[in-house]
Each structure stands twice: as C-alpha cells, then as structure tokens.
Amino acid sequence: MSGKETQDKTGVAADWPLFEVFIRSRAGLEHKHVGSLHAADAAMAIEHARDVYTRRQEGVSIWAVPSASIVASDPQEADALFEPARDKVYRHPTFYAIPDEVKNL
Amino acid sequence: MKAALTAIAAAGASAGPQRQAHIECLLRLGDTSLVLGQRLGEWIGHAPALEEDLGLANLGLDLIGQARLLLSYAGELEGQGRDEDSLAFLRDAPQFRNLTLAEQPNGDFGHTIVRQWLIDGWQLQLYDALQGSSDARLGAIAAKALKETRYHYRFSRGWLVRLGDGTAESQRRMQAAIDGLWRFTAEFFTADESERLMAQAGVMPQLPPLANNWLAQAEADLEEATLGHPPAVPYPWQGKQGVHSEHLGHLLAHMQHLPRTYPGAKW
Amino acid sequence: MYTQALDTHGQEPAPAARDLSAQEQRFQARVDAEEKIEPKDWMPDAYRQTLIRQISQHAHSEIVGMLPEGNWITRAPSLRRKAVLMAKVQDEGGHGMYLYSAAETLGVSRAQMMQQLLSGAAKYSSIFNYPTLTWADIGAIGWLVDGAAIMNQIPICRCSYGPYARAMVRICKEESFHQRQGFEIMLTLAHGSADQHTMAQDALNRWWWPSIMMFGPSDADSKHSAQSMRWKIKRFSNDELRQKFIDVTVPQAQYLRLTIPDPRLRWNEATQHYDIGPIDWEEFANVLRGNGPCNRERLAARRAADEAGAWVREAAAAHAARQIGRSPHMAVNPQARFA
C-alpha cells in the first residue's frame, strides 16, 4: 500500500482498513485471535484471513472484526479491574477443607 | 454408459479412438489448469497487495494440484510410460490441449481477474457435471477440484465486481479486459468428436447445454459489476485441439527449459 | 526468514549509564521477570522504536525475499517442485504479513512501513540482494538462508514483546519445511548428474559467505546489542548464532559431498567448534549500502508492484465506500485500532 494518501474521486483513502482475525481451529474450541490484515471490505477480509491464516488447515471457522470496533480495557486500569478478584479465594473449591473420607464432593 | 466405459477398459489398447478421446478430454482439463497455474505463478511477489500475493498463490497451487492429478491419469491411461512431468515438460505447444484463454498473458490485475473469472465459470460447469462421470476416478478428481473452484470463483467474482464497480479507471480497465478476452470463450462449450464420444460414454457431460448456465451466470456477474460483454466473436479458437495463440510457445519455452536442457535428469 | 542484526545501523539512545525513571524501572523489572509486554502496556519510547525498526526490517526482508525465489517459480523443473516453491514463496509473504501485523500494534501503519521500504530508507536482509542464477540456488537458499534464518529466529520466539514473539512462533513452525525442501533439492542435485553436481557446488560457492554474513557484524562491532539483550529482544550475540550455524551446516555439506568455499575452514579440537577464514565485511557493508548485485532490481520490483497495484487498491476502497452508502452497517472506520 502506498504511503501517500492516494485518493480517488470519491475521496476515499486507498489504504484498506485493518481487521483482527479470529480462528476456530476445530469444532468444540473457541475462536482465538491470530493476527490482523488489511482488506477493503468484509468479504475480502474473510478471503484474506483464509489465505493468510489457514494455509495449513489451522481453522474451520473465521471471524474478521474491524480493528476499530474492538473495545479494549486499559492496562493502566488493570489494578482496579483485576486485582479485586485476587482475595476472593473462597470462589475456588480448594478453599474448603473437607475430610478425605467424604466422597463425591 | 458405465457399460460402455467398462468395455473400453476391458478392450485395452484395442479401443483406440475411445481411449484417445478419453485422454484428450483429460488433457484439456489438465493442461488448462497447468497453464493457468503457470500464469498465476508469474504474479507471486508482484501483486497489488501482499494479501493478494497469497491469494493468487493459493489459486495457483490448487490449479497445479489439479493438473498433476489429471496429467498423471492421462499418462496412465495412455500407457506409454509418460508421467505428469513428461507430459508437462516434454510436449510441444501443438500437443497442449488447454483452452486458448488460459495461456493469455497476465496483463494488469484486471486482465488476470477477468481471465480467472471466465475460466472459473467454465470449470464450475464442467467439474460440477463431471462429479457424475461414469469414470469414477475422473469424478473424484472433479469433486475435489469443484470445491477449490468454488473458492476461486468467489475470489475472482468478488474482484470483478469491486473493480467493475470501483473507480472510473478501474471500470475502464475491466471493460478493456473483457473486450479483449471475451472472444476466447467461444471454444468453452463447443464439442468436437472427442468430447462427443466421451459424452456418449458418460465420461464427459454434453458441453453445449452447459453454455447457457455459464452465460446466464456470467451476465448476472457482469451486471453487478456494471460491465458488459461484447457480441460473440466467431473466430474459432482451437486451443483444445492444439492450435494455440502465439503466447503458449513462449510460456512453454520458459517453463520447460530445465528438463529440456538436461535430458533425463531427475530433479 | 530473515532477520539479521541490522539493528546496529539504527540510532538507539545510549542507555546504559542513564538513570532509569521509576516507570522505566518497573518496565525493566517486568522484562527481567520474563513477563511479556503487550501493545497497550507502557514501554520506553526507545524500546518501541527499536522494535518497530527491527520488526519492519524483518517484514521487509520476508517480502523482498519473495523475489529471488519467485524468480524460479515459472521455471521449476517438475510440477512437484513448482508447487513446493510456490507454497514456500507464498509462506514468505505470509510471514511478512504476520510481522507487519505485529509491527502495527506498535502504532506504525503498514502504509508507513511500505513507504520506508520503497523510498529506500528502510533496510532489509542483505542476502536478498544476491541473484538466483540457477535452479540450485533455490536449494541453497532453502538450505543455507532459511537455515541461518531459523537459527536467528528461534530465540526471537521468546522476545519480550508479545506480538513479535507470537508471530515468530508461527513463522518458525512454518519455516521448518523450507529448510528441508532446500536440502532435498541440494541432495538430489549433488547426487545427480555431473552437471547437476556442478550446479549445486556453484550455488554453495555463491551463497555460503552471504549466509554467514546474515548474522550481522561481529560482536566487537555490534554497538547496540547490549540494550537489545537487556530488553530481551535479542537473546544471543551475532557471533554465537553464526558459530552455531557453521557447526551444524558443515557436516551437512559433507553429507552432500560438497565443498564449503573456505580454505581456512577447520575443526578446532580445543574449542569444539569450526574455525572459519576471515569474513569480507567490506562486501557486507557495500551490499547494505545499496551496492549489491540486485539492490536496484529488488527495490524496482517492489515499486513497480506498488505502482501497478495502486488503481486496484483505490478501486476496492471506492467500491467498499459505495457499499457502505448502500448498507451503512458495513461501515468500517479505517483510522482507529484497539491496540
């Protein structure tokens, strides 16, 4: 893609937008982020994702999401967002002392 | 028809014309894939976007794969000890049976897309029909190739529409490509004696009836792409019979130079 | 492939003695603890710039690297070789994509990087400025150039920057077939006819030293390695990796019954390594400066592709914009990025 802001008569920049690509590697597993690519439109994004990220049968399903559409948390807020979960150890089964003799718990 | 084919097989070498027609039909499919794959190989590293380098390479890889299956089969049927490579690298232009369209130069990306879209449309019709071939091996190759071709068609049709309905320049270029290449479609569905023989044996579909399906689809695509096609040109291109344009000789000189320079060498 | 220690040619701030700010100290502590740095995390500007430079050079190397090998796709001597080569060159393009994608998480756009490549401002691995003259060169590139690349790249799989490390994991996984197919070509030629053996030896003669140079200047002349090591962008020195490559490659050449073009090459009992003759650093510098045999051709080919493709990219963008007009839910904002 040429870096100069090539514009056609409609005033559209020729640099295609960025998409994030998520691949489901096989049925039963979730889609996982694998990288990004550029495409002019949604159909092209799927084709590019297929050609770039599934050349070795890495996937059975593709999501391509405009990068601009992803809302992400801010690492600066990581403490506020994630630290408060740290002391809630009672959410984990190992928190509870149960005698070994008791089965099926 | 199955019986007819079994009879051919059983008769072995004595079924001369039948077998010859069968080989002809395999070469027409295989050579078209090979020559088109060879052309796409010229693009890699030079495409309009990095993503398209990968896309064109994927089409090329599928086509080379189809060529290998079809040429290997043709060589076996022929029974003269020729494998995929001796057929690909040691035949001269008049022995090649590809559609004349496949050998046309890449031109700009628009030409490449139009050539691809036209041949994809042809292959879609053929491979779809060939799934029901009385020749089970050919039917299996066609079933595999059909999946690939559906993707190729999605790709080339998508680009046809984007570029046709893109900018004024892209529309001009696309229309020029169609005006230049449409004339080669005349040989798509004309059947000669080989194809008629094989249609009778159920190996190949009847070609002329497929033309209408193809044309209807092509015209729908063109309409969406805001493009049109010129009237049919009566010049009877006969790549399928081995009478090619000037371009094939150059393509082969390039492709075949190593095996020709070092006869008998293994690579 | 194909990163090479090109980082010595950029301008990194001298870091060593300077006092680190509290923020920088926290950053360095995370790196020291082998924590990965992710795109939105705070990072020193010099770290960001070093990564942008290294990853984009690496990406450029991949796509310029498509050209010398692509030169033989149409002339591969069998259909199997043609398919393999096409798939391999395609992979190099894919690797370029993974890397551009990783670099883009650092706030630089593909268009900017491409502009730097096309203007000649950005560097790429010097090896691709050598020509592929015979089919054996395709074997030599797979065997030597990809071999050297793998040696260089495996440590980067543990790079401190997450997106770069992840791209490298993917690349290294895919690259193992590249080296093996190259060796297979060499093996077939070396054990083939006399003509083919000559072709293989000639390719080794031409590609050996450029491959050795792929590891970059010797440690004594490598100015910025220390900071890159501290940031865990780099894990081994140029000379360490080079030696490792030589040690594994010499026995492979012996197996091929080919002669490495270095009369001073010897096994050193004391060090348990091979010693080699002097490297022609003048040639290396010259090729990097743009005076290699194919520098002009490579850049010209990339520029031609970019220029010839401009109308295609514009048309696709225009078509997409019109589609949005027809159905607004398809709108894609090209500006923003989540990372």
Side-chain angles (χ1 to χ4, degrees), chain B residues 34 37-58 60-61 64-65 67-68 71-72 83-85 87-89 108-110 113 158-159 161-174 251 254-259 261-262 264-267, chain C residues 59 62-94 96-97 100 110 114 134-135 185 188-189 191-193 195-196 199 301-302 304-306 308-320 322-323:
Chain B
L34 172 59
Q38 171 76 4
R39 282 291 187 216
L40 291 173
E42 296 171 17
W43 266 107
I44 300 166
H46 308 278
L50 195 44
E51 285 86 347
E52 300 314 321
D53 277 314
L54 273 73
L56 293 169
N58 267 348
L61 284 169
I64 299 293
R68 295 182 66 186
L71 294 186
S72 296
D83 62 8
E84 59 182 49
D85 285 332
L87 285 170
F89 293 96
D108 65 11
F109 187 70
I113 288 300
W159 273 111
V161 171
R162 274 182 208 109
L163 297 178
D165 184 28
T167 60
E169 181 186 4
S170 72
Q171 188 181 42
R172 177 180 60 71
R173 285 173 180 266
M174 293 304 278
L251 179 146
H254 208 83
M255 183 175 90
Q256 298 179 336
H257 104 263
L258 273 177
T261 310
Y262 300 95
K266 295 268 172 291
W267 302 94
Chain C
E62 298 283 358
I63 64 158
V64 175
M66 297 170 77
L67 299 171
E69 290 182 280
N71 184 35
W72 280 89
I73 289 176
T74 53
R75 292 177 291 165
S78 73
L79 294 184
R80 173 174 177 266
R81 293 283 181 215
K82 189 186 290 292
V84 168
L85 183 58
M86 209 185 269
K88 180 187 189 260
V89 177
Q90 183 194 41
D91 270 355
E92 312 296 5
M97 287 241 3
Y100 283 126
R110 170 108 70 91
M114 208 47 94
T134 73
W135 172 250
I185 291 175
T188 309
L189 296 176
H191 295 189
S193 68
D195 279 340
Q196 287 176 307
M199 203 186 272
R302 289 309 318 168
D306 185 71
W311 71 272
V312 175
R313 299 189 299 271
E314 283 164 27
H319 177 75
R322 206 165 303 129
Q323 291 297 102

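Protein chains get the first letters and strands the later ones, always in sequence-line order, with residue 1 at the start of each.
Taking W267(B), Y262(B), W159(B), F109(B) one by one and counting their heavy-atom pairs under 4.5 Å with chain C, the maximum is reached by W267(B). Heavy-atom pairs under 4.5 Å with chain B were tallied for V89(C), V312(C), V64(C); the largest tally goes to V312(C). Interface remark: of the candidates A305(C), A83(C), S78(C), S78(C) forms the most heavy-atom pairs closer than 4.5 Å to chain B. With chain C as the partner, the residue from N58(B), L34(B), L251(B), L40(B) showing the most heavy-atom pairs under 4.5 Å is N58(B). Interface check for chain B: of the options A301(C), G93(C), A320(C), G96(C), the most heavy-atom pairs under 4.5 Å are formed by G93(C). Top candidate by heavy-atom pairs under 4.5 Å with chain B, chosen from G192(C), A87(C), S193(C), is A87(C).
D108(B) pairs by the side chain to side chain contact (heavy atoms under 4.5 Å, CB included) definition with H111(B), R173(B), W311(C), not counting sequence neighbours. Taking the ring pair (Phe, Tyr, Trp, His ring centres under 6.0 Å) definition, one finds that Y100(C) meets it with H60(C), sequence neighbours left out.
Taking both residues in full, the closest heavy atoms of P259(B) and P77(C) are given as CG-O, 3.5 Å, listed atom of the first, atom of the second, then distance. The minimum heavy-atom distance linking A315(C) with L163(B) is given by the pair CB-CD2, 3.6 Å. Between T74(C) and Q38(B) the shortest heavy-atom distance is O-NE2, 2.9 Å. The two atoms that bring R313(C) and P48(B) nearest to each other are NH1-O, 2.7 Å, heavy atoms only. For the residue pair A316(C) and R162(B), the shortest heavy atom distance occurs at CB-CD, 4.1 Å. The minimum heavy-atom distance between L258(B) and R75(C), with the atom names listed, is CD1-O, 3.7 Å.
A304(C) does not touch chain B: none of its heavy atoms, backbone or side chain, sits under 4.5 Å away. Heavy atoms closer than 4.5 Å to chain C are found nowhere in W43(B), neither backbone nor side chain. Only the backbone of A47(B) comes within less than 4.5 Å of a heavy atom of chain C; no side-chain atom from C-beta onward does. Residue contact with chain C, scored on non-hydrogen atoms closer than 4.5 Å, involves the side chain of H257(B) exclusively. With a threshold of 4.5 angstrom between heavy atoms, R81(C) approaches chain B through side-chain atoms but not through N, CA, C or O. Both the backbone and the side chain of L54(B) come within less than 4.5 Å of a heavy atom in chain C.
Within the 4.5 Å cutoff, the side chain of R68(B) has heavy atoms near those of the R80(C) side chain. When side chains are defined from C-beta on, K82(C) counts as touching M255(B), because their heavy atoms get closer than 4.5 Å. Looking at H46(B) and L67(C), their side chains come closer than 4.5 Å, going by heavy atoms from C-beta outward. Contact annotation: the side chain of L50(B) approaches that of M66(C) to within less than 4.5 Å [non-hydrogen atoms, C-beta and beyond].
Judged by distance alone, the side chain of H319(C) and the main-chain N or O of D165(B) form a donor-acceptor pair under 3.5 Å. Not one N or O on the side chain of E314(C) forms a donor-acceptor pair closer than 3.5 Å with the backbone of T167(B). At least one donor-acceptor pair under 3.5 Å links the side chain of D85(B) to the backbone N or O of L79(C). Side-chain N or O atoms of Q196(C) include one that pairs as donor or acceptor with a backbone N or O of K266(B) at under 3.5 Å.
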Would you please test L56(B) and Q90(C) for side-chain contact (heavy atoms from CB on, under 4.5 Å) and show each step?
CA-CA 9 Å; L56(B) 293 169; Q90(C) 183 194 41; over 6 Å; no
